[in-house]
Peer 1: 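Can you read through this structure? Questions will come right after.
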Amino acid sequence: MKVTFPHMGNMYICLKAVLTSLGVEVVVPPMPSKKTLTLGTQHSPEFACLPLKINMGNFIEAYEMGADTILMAGGVGPCRFGYYAQVQREILEDMGLKMKMVVLEPPQKHISELLIKIREVTGSSSWIDVVRAIRFGWHKARAVDEVEDVLHRIRPREYEPGRADVVYKKALKWIDDAHDRNELKDAISKARQELDAIPVDNGREVVRIGIVGEIYVMLEPFVNLEVEKQLGRLGVEVERSIYLSEWINDHLFMGLLKIKGSKEARKHAPPYVNHFVGGHGQETIGSTVLFANRNYDGVIQVQPFTCMPEIVAESIIPTVSRDLGIPTFCLIVDEHSGDAGVLTRLEAFVDLLARKKEKNTVKNTVLQSSEKKGEQVCADI
Amino acid sequence: MCGYLGIDVGSVSTNIVLLDEDERVCDSLYIRTQGQPINAVQKGLEYIRERIPEGMKIEGVGTTGSGRHLAGIIVGADSVKNEITSHAIAASSLVPGVQTVLEIGGQDSKIIILRNGVVADFAMNTVCAAGTGSFLDQQAARLNIPIEEFGDIALKAGNPVRIAGRCSVFAESDMIHKQQMGHNLPDILAGLCDALVRNYLNNVGKGKEILEPVIFQGGVAANIGIKQAFEKALGVEVIIPEHYDVMGAVGAAILARDAVRKTGTTSFRGFEVAEEMFEAASFECKDCPNLCEVIEIRDRKNILARWNDKCGKWSNAIAEKKKIS
C-alpha cells in the first residue's frame with residue numbers, strides 16, 4: 001500500500017511524519033504547479049471551487065508516482081467540501097485510476113472515530129504507536145508554524161528582500177527530514193539560529209495586515225498567488241487567522257488541546273453572524289473583529305471563486321469594517337495564474353493603509369506635543 | 001525650471017504628461033498602445049521632447065498602468081506605482097476636496113473613495129468587462145456609429161429603453177431585440193449608457209458611500225451620455241476634470257516629484273531612450289512543472305530586467321549581478 005494525500009500548504013510535512021513513523025509507505029505528490037492545475041481542471045466539474053481541482057491534480061500526479069490509497073479530509077455543514085472526497089472517488093473511478101479513498105471525517109462524538117479511520121491505513125500498528133505517531137506529527141506542525149511566524153515578522157524588515165524565504169525553504173526541509181523528537185528539536189534550533197542571523201531593520205514602520213477567509217486558500221500559497229510573500233515584499237507584516245496546528249486541533253482533535261483556535265473567533269462573530277453558515281464564514285467575521293480589536297491596520301479576506309460561506313462573510317465584512325474602522329479587502333482566487341491584477345490591487349490597498357497610518361501617527365504626535373503644552377489643538381485628520 | 005514626466009501605459013492607450021513645478025499640466029499626449037508598450041513609450045517620448053518649453057529640465061519620471069514595470073525599466077523611472085494610487089493622487093491634487101472618484105477606462109473601471117485627502121476605500125472591476133469602455137466601443141461598432149458621437153446622440157433620447165447591463169452578451173441580444181422592435185437610435189444609446197452606469201454602480205460601486213464632490217475620469221468620461229446617466233442615477237453633480245483622460249499620468253508625475261524630493265536625484269535615462277533598441281523576449285523555463293514564461297528586456301548590450309518567474313531564479317540573477325558590479 002502506497003498512501004498519498006492532497007496538499008494544503010505545509011500539511012504534507014506533518015502527515016508524512018505520522019504515516020512514515022507507523023511504517024506506511026508514503027507518496028507525497030509534487031508541490032502544486034501549473035501542471036497540477038491543468039490536470040485538475042481537465043478532470044473536474046467546471047463549477048466546483050478551486051480546492052477540488054487542485055486536489056484532483058494532486059491525486060493524479062501521485063497516481064503517476066505509484067500511489068494507490070488516498071487519505072482525504074471530509075467535512076460537515078453547508079460547505080461543498082464535505083462532499084468532495086466522494087466526487088473525487090467517482091472521478092478517479094471514471095478515469096480508470098484504481099485508488100482506494102479513506103475519508104477522515106471530523107469526529108462527531110469521540111476522537112476514537114478518527115483513530116479507527118487512521119488504522120484503516122496503518123493496519124496492524126498498536127494503539128500506542130498510533131498515538132505516538134500522531135503526537136510526532138503534531139509537533140512537526142507546531143514547528144512549521146513557529147518558523148512561519150518568524151518568517152512573517154522578518155519579511156517586511158529584512159535589508160535584502162528574499163533572504164528569509166531562502167532560509168524558510170531550508171528550514172522546512174530540516175523539519176521534514178527529522179526522524180525523531182531529538183532531530184526535530186535540532187532542526188528547530190538550527191532554523192531559529194539562521195533566521196535570527198538575517199539582518200533586519202527593527203526600527204522600520206511596517207503595516208500590519210490580518211489574513212482571514214477560507215482555510216485551504218489561506219494555507220496553500222500556490223492557490224492564493226503567494227499573497228503572504230507579495231505582502232511581505234511590500235513591507236507588510238501578515239498574520240493568518242489560523243495556522244496549520246490550530247486547524248488540526250480544531251478539526252481532527254475536536255479542539256481537545258488547549259491552544260488558540262477557531263472557538264475564540266466564533267465567539268467574536270456575533271452580532272454580525274450569530275450562527276454557523278458553513279465552512280469558515282463565521283470565523284472569517286470573528287477573526288476580522290479580533291484583528292480590529294488588536295489594532296491591525298487592515299484585513300484581507302481570501303476565498304475561492306463561488307465559495308458560499310465566504311460569500312456570506314464577504315457581504316457582512318463591510319459592516320464590520322465600518323463599525324470598527326478597519327479597512328478590508330477581498331481577494332477571490334480561481335484558475336487565473338496572471339498575478340499582475342492581484343498585485344495592483346494589493347499594492348493599492350497597502351498604499352491606502354500606509355497613508356492612513358502615516359496621517360494617524362502625525363496626528364498623534366501633534367496631539368501629544370500639544371497636550372504637554374496644555375493647548376487645545378484642532379488636528380486635521 | 002524643472003518638469004516631471006508621468007507615463008501611464010494602459011492596455012488601450014499610453015498617456016504621457018509633462019508637469020511643471022506647480023503641478024500644472026504643460027503638455028499631454030494620448031497614443032494607442034496597440035499591444036506594443038515599448039514602441040508607444042518611445043514614440044511618446046520623442047514627441048514630448050520636441051515640445052518641452054525652453055529652459056525646462058526633466059527632474060523626474062514616474063510610471064503607472066498595467067505596463068508600468070516595463071516602462072519603468074525603459075525610461076529609468078523614479079517611481080513605479082499602481083494606477084489606483086496614481087488616479088487618487090491626481091484627483092485630489094487637481095480637484096481639492098474630492099470625496100469620490102469614478103474612473104472608467106478601456107478595460108477596467110474603478111471607484112476610489114477619498115476622505116480628507118486620503119484614500120479610504122477603493123474597488124476595481126473583477127472578472128467582467130461589461131462596465132468598461134470596451135463594452136461601449138463594441139456596441140458602437142455594432143451600431144455603426146463613431147464612438148466620439150455616442151454621447152451626443154444619446155442626449156437626444158426622449159425615452160431611453162431598458163437594456164440588461166449585467167453582461168455584455170445579454171446586453172447585445174437585448175439591444176438587437178429593441179432595434180428589431182423599432183426603437184430609435186438615441187433611445188437605444190441612452191439605454192446603453194444607463195445599463196453601463198447601473199452595472200458599474202452595482203458591481204464596482206457596491207456598498208460604497210458616494211459623497212460629493214464626485215469626479216468622473218478616464219477615457220469614457222469623454223462620453224457626455226454616461227456623465228448624464230451618472231447624474232441621473234446618483235442625483236448629484238458629476239464633475240469632469242480638465243485632464244480627465246490622462247489623470248493616471250498626472251498622478252505618476254506627482255509621485256515622481258515626491259520620490260525625487262526624497263532621494264535628491266532622478267534615475268531618468270534621458271530622451272535618448274527613444275532611439276535606443278529594446279528587445280523584449282520570453283522563454284519558458286523548464287526547470288520545474290510551473291513552466292514559467294520568463295520575460296527578458298535587453299538593450300543592445302545588456303539584459304536590463306527579467307520577470308514573471310515564480311521562484312525568482314531568473315529575476316534575482318540580475319539583481320545579484322548588480323550587487324557585485
Peer 1: For the CD atom on E212(B), are there more than 12 heavy atoms of other groups (residues, nucleotides or ligands in this structure) within a distance under 6.0 Å?
Peer 2: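 Atom CD in E212(B) is packed in, count exceeds 12.
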Peer 1: So for C292(B), is it side chain, backbone, both, or neither that comes closer than 4.5 Å to the heavy atoms of chain A?
Peer 2: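 It is the backbone, since no side chain atom gets that close.
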Peer 1: Chain A: which of I112(B), V118(B), D108(B) shares the most heavy-atom pairs with it under 4.5 Å?
Peer 2: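 If we count pairs closer than 4.5 Å to chain A, V118(B) comes out on top.
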Peer 1: Rounded at 0.5 Å granularity, tell me how far NZ in K34(A) sits from CD in E293(B).
Peer 2: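 Those atoms lie 4.5 Å apart.
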Peer 1: Looking at OG1 of T328(A) and CG of D121(B), how far apart are the two atoms once the value is rounded to the nearest 0.5 Å?
Peer 2: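 Result: 7.0 Å between the selected atoms.
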Peer 1: Select one option (side chain, backbone, both, neither) describing which atoms of A123(B) are under 4.5 Å from chain A's heavy atoms.
Peer 2: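 For A123(B), neither part sits under 4.5 Å from chain A.
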Peer 1: Got more than 12 heavy atoms from elsewhere within 6.0 Å of CZ, R204(A)?
Peer 2: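 Counting neighbours around CZ of R204(A), more than 12 heavy atoms of other residues, nucleotides or ligands fall under 6.0 Å, so yes.
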Peer 1: Roughly how far, to the nearest 0.5 Å, is the NZ atom of K35(A) from the SG atom of C288(B)?
Peer 2: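 NZ of K35(A) is found 11.5 Å from SG of C288(B).
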Peer 1: Only counting residues at least two apart or in another chain, list the ones meeting side chain to side chain contact (heavy atoms under 4.5 Å, CB included) with V80(B).
Peer 2: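 V80(B): side chain to side chain contact (heavy atoms under 4.5 Å, CB included) contacts with T63(B), R68(B), H69(B), A77(B).
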Peer 1: Taking the side chain as everything from C-beta on, heavy atoms only, tell me whether D351(A) gets closer than 4.5 Å to N82(B).
Peer 2: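 Yes, side chains in contact.
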Peer 1: Tell me whether R355(A) at atom CZ has more than 12 heavy atoms from other residues, nucleotides or ligands lying less than 6.0 Å away.
Peer 2: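 Count not over threshold, so no.
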Peer 1: Is the number of heavy atoms from other residues, nucleotides or ligands within 6.0 Å of CD (E209(B)) greater than 12?
Peer 2: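 12 or below, so no.
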Peer 1: So for I89(B), is it side chain, backbone, both, or neither that comes closer than 4.5 Å to the heavy atoms of chain A?
Peer 2: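 The answer is the side chain of I89(B).
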Peer 1: What part of F349(A) gets within 4.5 angstrom of chain B, counting heavy atoms only: side chain, backbone, both, or neither?
Peer 2: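 F349(A) touches chain B through backbone and side-chain heavy atoms alike.
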Peer 1: Would a 4.5 Å heavy-atom cut-off, applied to side chains only, mark E347(A) and K81(B) as touching?
Peer 2: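 In contact.
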